Amino acid sequence: MAVPYHHREIEQKWRKHWEANPVNVQDGTKPKYYCLDMFPYPSGSGLHVGHWRGYVISDVWSRYKMMQGYYLIHPMGWDAFGLPAENYAIKMGVHPSKSTAENVANIKRQINEIAAIYDWDREVNTTDPEFYKWTQWIFVKMFKEGLAYEKQMPINWCPSCKTGLANEEVVDGQCERCGSDVTKKNLKQWMLRITKYADRLLEDLDKLEWPEKVKKMQTDWIGRSYGAEVNFKVDGKDESITVYTTRPDTLHGATFMVLAPEHAMAKELATPETEAAVEKYIYDASMKSNVDRLQDKEKTGVFTGSYAINPLNGAKLPIWLSDYVLADYGTGAIMCVPAHDDRDFEFAKKFDIPIIQVIAKDGKEIENMEEAYTEASGTMINSGDWNGMESSTLKAEAPAMIEKMGFGKKTVNYKLRDWVFSRQRYWGEPIPIVHCEKCGCVPVPEEELPLLLPDVESYQPTGTGESPLADITEWVNTTCPACGAPAKRETNTMPQWAGSSWYFLRYVDPKNPDALVDRKIADELLPVDMYIGGVEHAVLHLLYSRFYTKFLYDIGVVGFDEPFKKLFNQGMITGKNGIKMSKSKGNVVSPDDLVRDYGCDSLRMYELFVGPPELDSEWDERGIDGVYRFLNRFYNLVMSNKDLDVKETPELIKIRNKMIYDITQRLNQFSLNTVVSGFMEYNNKLIDMSKNGGVDKETLNAMVKLIAPFAPHIAEELWSQLGNEGSVFHVAWPEADESAMKDTEVEIAVQINGKTKVVTTIDAECSKDDAIAAGKAALGDKLTGTIVKEIYVPGRIVNIVVKP
RNA sequence: GCGGAUGUGGCGGAAUUGGCAGACGCGCCAGAUUUAGGUUCUGGUGGGAGACCGUGGGGGUUCAAGUCCCUUCAUCCGCACCA
């Protein structure tokens, strides 16, 4: 007789019970485990089944860690400042403070549907003045340490969002947020000196258990390279041009020089004959947008009419201008070795410039060179004193040699740029700086923080490069904290990344009025052990957080310099044909109906069952039936056996221990999809056992414990139905007795020449000879020809190799 | 262009790391229960009459290859003139 599984009743019952008796009791005597989700920004469109996945993964992992005996820290909060929230507010015509509060309430309600065990006592919101007080405090500290500074420069500007952007926020020349083409705008900006941390950010990646993909992305983003700066005298002038090169070994092969059109010396190098062409080229380059410049792969350039002298051999090198040289990398000028660089080769071919090979390929000089030889391996040729040296050795030694010879120096270069930190928008933390005519930039005194964001009616971005705050004269006009003279407040706000760069620290001490985090508590509960979220923040949030943490470590706020020990990137749940779920595509699947029809437990398990957690998975609505049926059968298995008082048998003991072992192992490997299929497999086995004498309570209890992190409601219900006291989440994770898992007999495949012919059963402990004999017997007259070799893989295969 | 990931039945995906390919589930087929439909239960389900053939394609190593090596194709992602 089937006992109906009423998921709605069961889930409501336990939801209510847990509200009164929280499962996650915080016990500081146990070792801590901090499992963190990337906190969401409170979007207006709510959660879809894709959002569920990350939260389910982290909740399963959290509950597992809790049952393993850890003091679990599993907080949640809101990344509520910034462009997405503000753009939404503008679209809806509501004040961002209002829409943000509404959206937080809505998403919190939706997140509660997942039944995750968040510590709501630790909840933070980046727009809360008690929170952003510390966001501002960090900025003041950085200012005092010289890490925050003002600079006038052309920055990335999004004409649609009407604000400056950090390099990290520009993707393919477009705004990361809205997709508009990014332009340049010359603005006075606050910058954070993240480049000072470049080496540490790069080298400490080794300490982290992060996906290699993310580490690689950060490595490439930081982009460290070793080389030399070399000075070239301009022929007939006193000045010289400094270039940066990673291949000083090829110095003899330089046949021309190229400067970026923005280079400070570009104009003055022009001769009367070339002046017009040079000025036109510089002007044209300045009119090209970022996007155009990225797309035009065909090399262009103009000869300045001037020459540089190769300091090594005195060769006269024509100086060109071309926009394939970037103004803001290295020195904005390069020496060109067409024989050994693809780009220089292309340029030299196009403008008919000589090509001199200085590294032998396969020991020879190449006749009719058709492409550059870019390997740093081979013997130096055509290189004066350097002839005969190995190029890889020379590449490493040349910077020091050049330095000794007095025309250059050893250098390191990075692609990483300082972080453009100010935004010309309303919805962010005000930058706590006062501009005084006499004292310059003066930070707001720490005891006056937070500097509140003024409540205004008009918060639309101006587009002029000024923040909307600039219009609020009564707020802007203030006195200098240093000298008391009339002064003006900084009106730019911080980017959306400011709060998210350190929020995970605040969770462990969320209400502390005197410190960002109490150092003692920080030492006990931080850093984050497991961080779960999407891969889209690889060079944004994850890089910024590491930078902030290192800074806070340096000033003694925390005692560790990496925030996230482990990182897990869950794959995306997509709609049909791998299309990203979005409102505009109309392919969003809402979890609400599924929870109503199948229950939270079914949806949680199905979110995991769809595929490996690290890969993208297409959502197929029909599949959830399978999980739902499984929970029904499992419920019936327990309900129909719980009062039978079945004695455990060797067979049951074996299944129970194998089940514990298998499930735990798969869980430890984070193979959550196969954990779910493992439950189904063992459920089927136990149903078979149930039909042949029943299943004992110990085994049922074990399975309930194992399934608890995945399907908490049904587990709690069955735990109590089995007559146990208290919550299943407060009992220890079961351990497998490996000695009880051994089979006495095993099935082996019997093969001839590697092809399976029959399957037979043998004693698990039997010797090689016995196994082969048993295999031959099982083959009978299928075995013909001359036996060449006999192979036995214990417990698996007997293979007889024969010749006809 | 450079780098990375992926490729297995009608579909989602397993495979103890070189040892019976297709676990588990969806779907489908047949049967049972039901007044009937749905639910539930039982059995079947890679292809082929067959010997055999089958893990994107081709080659190789091995007693044995989805797994290792070489080569090639397709899709997706990241970076993109960084000297």
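Note: hydrogens, waters and symmetry copies are ignored here, and every other heavy atom, side chains too, is used. A quick note: this is a predicted structure, and the numbers were derived from the prediction, not measured. Order of the sequence lines fixes the chain letters, A, B, ..., with proteins taken first and strands second; residue numbering starts at 1 for each chain.
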Could you give me the CA-CA distance, side-chain angles and deciding distance for A:Phe710 and A:Phe679, then say whether ring-ring contact (aromatic ring centres under 6.0 Å, His included) is met?
CA-CA 10 Å; A:Phe710 296 81; A:Phe679 283 132; 5.4 Å; yes

Do any side-chain atoms of residues 247-257 of chain A form donor-acceptor pairs under 3.5 angstrom with protein atoms, and if so which ones, sequence neighbours left out?
| unit_1 | atom_1 | unit_2 | atom_2 | d |
| --- | --- | --- | --- | --- |
| A:Arg247 | NE | A:Asp249 | OD1 | 3.1 |
| A:Arg247 | NE | A:Asp249 | OD2 | 3.4 |
| A:Arg247 | NH1 | A:Thr374 | O | 3.2 |
| A:Arg247 | NH2 | A:Asp249 | OD2 | 3.1 |
| A:Thr250 | OG1 | A:Arg247 | O | 2.7 |
| A:His252 | ND1 | A:Ser383 | O | 3.3 |
| A:His252 | NE2 | A:Ser383 | O | 3.3 |
| A:Thr255 | OG1 | A:Pro354 | O | 2.9 |

N/O (side chain, A:Tyr329) to phosphate O (OP1/OP2, B:A83) under 4.0 Å
yes

Phosphate-side-chain proximity, A:Asn684 and B:G25, N/O vs OP1/OP2 below 4.0 Å:
yes

Can you confirm whether the side chains of A:Trp221 and A:Glu168 place a donor and an acceptor under 3.5 Å from each other?
yes

Side chain A:Ser671, main chain A:Arg666, donor-acceptor under 3.5 Å
no

NA contact type, [X], heavy-atom cut-off 4.0 Å: base, sugar-phosphate, or nothing?
X	answer
A:Lys691	sugar-phosphate
A:Asn632	nothing
A:Asn673	sugar-phosphate
A:Arg666	nothing
A:Glu747	base

Side chain of [X] only, heavy atoms from C-beta on: which candidate in [options] is closest?
X	options	result
A:Pro612	B:G25, B:A83, B:A14	B:A14
A:Val801	B:C63, B:C41, B:A83	B:C63
A:Asp341	B:A83, B:G27, B:G12	B:A83
A:Val325	B:A80, B:A83, B:C20	B:A83
A:Ser225	B:C20, B:A83, B:G25	B:A83
A:Arg633	B:C24, B:C41, B:A80	B:C41
A:Arg629	B:U40, B:G12, B:A80	B:U40

Protein-proximity profile, nucleotides 1-8 of chain B, B/S/- by nucleotide at the 4.0 Å heavy-atom cutoff, equals --S-----

G-U wobble or Watson-Crick pairing nucleotide for B:U75 (cut-off 3.5 Å, both distances)
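Matched B:U75 with B:A5 under the 3.5 Å cut-off.
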
Residue matched to B:G66 through Watson-Crick or wobble contacts both under 3.5 angstrom:
none

Please produce a list of atom pairs where a protein N or O lies less than 3.5 Å from an N or O of nucleotides 48-52 of chain B.
none

Taking the six-membered ring for Trp, are the ring centroids of A:Tyr606 and A:Trp619 within less than 6.0 Å of each other?
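Yes, they do, as the ring centres are separated by less than 6.0 Å.
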
Would you tabulate the side-chain donor-acceptor contacts of residues 622-630 of chain A under 3.5 Å, counting partners in other chains and residues two or more places apart, or write 'none'?
| unit_1 | atom_1 | unit_2 | atom_2 | d |
| --- | --- | --- | --- | --- |
| A:Asp625 | OD1 | A:Tyr598 | OH | 3.1 |

Show each protein N/O and nucleotides 16-19 of chain B N/O combination with a separation under 3.5 Å, one pair to a line.
| unit_1 | atom_1 | unit_2 | atom_2 | d |
| --- | --- | --- | --- | --- |
| B:U16 | O2 | A:Arg796 | NH2 | 2.6 |
| B:U16 | N3 | A:Arg796 | NH1 | 2.7 |
| B:U16 | N3 | A:Arg796 | NH2 | 2.5 |
| B:U16 | O4 | A:Arg796 | NH1 | 2.7 |

Report the glycosidic orientation of [N]: syn if within 90° of 0, anti in every other case.
N	answer
B:G7	anti
B:A49	syn
B:U16	anti

Within the sub-3.5 Å range, which N or O atoms of nucleotides 28-30 of chain B have a protein N or O partner, and how far apart are they?
none

Got a sec: does the CD of A:Glu536 have more than 12 other heavy atoms crowding it under 6.0 Å?
yes

